[in-house]
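Ligands are counted one by one from 1 in listed order, and the atoms in each one are counted from 1 as well.
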Amino acid sequence: MLILGIESSCDETAAAVVEDGRVLKSNVISTQIPIHTLYGGVVPEIASRKHVERISQVVDKALSDASVTLDDIDCVGVTYGPGLVGPLLVGTSFAKSMAYAAKKPLVGVHHIEGHISANYLEHPDLKPPFLCLIVSGGHTHLVRVKDYGEYDILGRTVDDAAGEAFDKVARAIGLGYPGGPKVEKISYEGDCDAIEFPQAKVSDHPYDFSFSGLKSAVLNYLNAEKMKGNEINRADVAASFQKSVVESLVKRAEMAIEEFGTDTFAIAGGVSSNGVFRAAMEEMCAKHNVRFVAPSPILCTDNGAMIASAAYYDYQKGYRSGLDLNAIPNLKLGER
Ligand code: KG4
Ligand code: ZN
């Protein structure tokens with residue numbers, strides 16, 4: 001079964017063709033990062049306009065790279081939330097028109113479910129149940145994947161997402177947008193024990209995350225050093241901040257392994273590209289004799305292939321979306 005997956009929830013216009021939820025036939029990603037870099041972050045209105053300009057070409061290229069035509073496609077999958085409403089509307093409207101014109105079934109996909117499914121593409125033998133930590137610019141979720149499309153949310157961020165914290169700290173130390181990869185790069189030149197940044201606990205919710213206190217601690221440190229007339233060592237700040245984020249993520253992942261037990265632990269989302277995070281997770285999982293899996297970096301970032309894979313399993317379970325499918329900016333995982 002060939003699925004065309006379309007993703008436009010933030011600043012990537014992406015489309016891909018995937019066979020049977022597992023085999024990548026094409027994967028086209030047109031990123032808007034160079035445009036938003038000018039403004040230090042994603043400007044929703046500009047993002048919407050760029051999606052409109054690019055979506056036809058991106059979808060055409062996904063079909064031609066897979067050496068298929070729309071006729072060969074069995075189903076169209078599209079992200080309908082969560083995300084920015086304008087960008088989501090471009091993808092959903094385009095997918096609905098295509099499905100209607102070509103008389104193909106349509107499946108609306110949850111963006112986080114897409115990120116989790118990137119692991120199905122990378123690891124063809126991976127099957128639920130497993131534990132998964134999704135860490136991106138918009139989300140930090142620790143979930144039990146009970147079955148395809150069935151999730152228990154153990155914890156999530158109560159304020160900033162981990163990637164958002166990376167982006168804000170990067171901006172504060174003058175590294176620019178998107179901050180995650182830049183913080184990681186410079187961190188290798190720094191000492192991660194140079195500055196002690198706090199790790200917040202959310203009382204009564206041990207699996208929840210909080211990163212805004214850490215972000216404020218970094219900003220306070222930078223201000224205090226400036227007031228004292230000290231020069232800032234950006235590499236030390238980056239390395240120490242990153243250590244705090246990674247420890248906070250890995251600690252909760254380890255708690256979940258100890259409490260619930262699992263054969264496999266997966267990570268997903270943009271921050272999963274981070275080498276320090278991957279290494280720390282790998283080490284922790286090895287200690288518990290748990291298989292650790294992660295998508296390769298191109299599948300960690302927003303892409304259409306992960307949406308096609310999720311749509312395949314939703315389709316198998318009988319889900320179909322109508323032409324009334326709407327963009328839902330705050331769609332909850334597991335909701336339809
Ligand atoms: O999954 P994604 O592409 O989009 C969302 O759904 O949010 O994630 C983007 C986020 C950004 O915040 C970016 O700074 C972060 O992932 N990111 C990283 C790295 N690469 C991307 N954060 C830390 N280290 C990285 N290497
Ligand atoms: Zn994402």
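Proximity of Ala161 to ligand 1 is not established, as no heavy-atom distance is less than 4.0 Å. Residue-ligand proximity: Pro181 is placed with a non-hydrogen atom under 4.0 Å from ligand 1.
Atoms of ligand 1 lying under 4.0 Å from any heavy atom of His115, numbered from 1 in the order shown and given with element: 1 (O), 6 (O). In the vicinity of Gly163, heavy-atom distances shorter than 4.0 Å reach the ligand 1 atoms 12 (O). Atoms of ligand 1 lying under 4.0 Å from at least one heavy atom of Thr301, given by number and element, are 3 (O).
Residue-level proximity to ligand 1 for Ser9 is absent, since no heavy atom of it falls below 4.0 angstrom.
Between Gly138 and ligand 1, at least one pair of N/O atoms sits closer than 3.5 Å. Residue Glu184 has at least one N or O atom closer than 3.5 Å to an N or O atom of ligand 1. Between His111 and ligand 1, an N or O atom pair is found at a separation short of 3.5 Å. When only interatomic distances are considered, the shortest N/O to N/O separation between Gly137 and ligand 1 falls below 3.5 Å.
The heavy atom nearest to atom 4 (O) of ligand 1, considering only Asn274, Val245, Asp167, Asp302, is found in Asp302.
The protein atom (non-hydrogen) at minimum distance from atom 21 (C) of ligand 1 is Gly270 O, 3.4 Å. For atom 15 (C) of ligand 1, the closest non-hydrogen atom of the protein is Val271 CG2, 3.9 Å. Remark: minimum distance from atom 22 (N) of ligand 1 to any protein heavy atom is reached at Gly180 CA, 3.2 Å.
Classification of the Tyr221-Phe197 ring pair by plane angle, with boundaries at 30° and 60°, yields perpendicular.
The pair Asp263-Arg291 does not meet the salt-bridge criterion, since no charged nitrogen lies less than 4.0 angstrom from a carboxylate oxygen.
Within the protein, the number of N, O or S atoms lying under 2.8 Å from the Zn ion (ligand 2) is 3.
The side chain to side chain donor-acceptor pair (under 3.5 Å) search around Glu254 returns Lys287, His288, not counting sequence neighbours.
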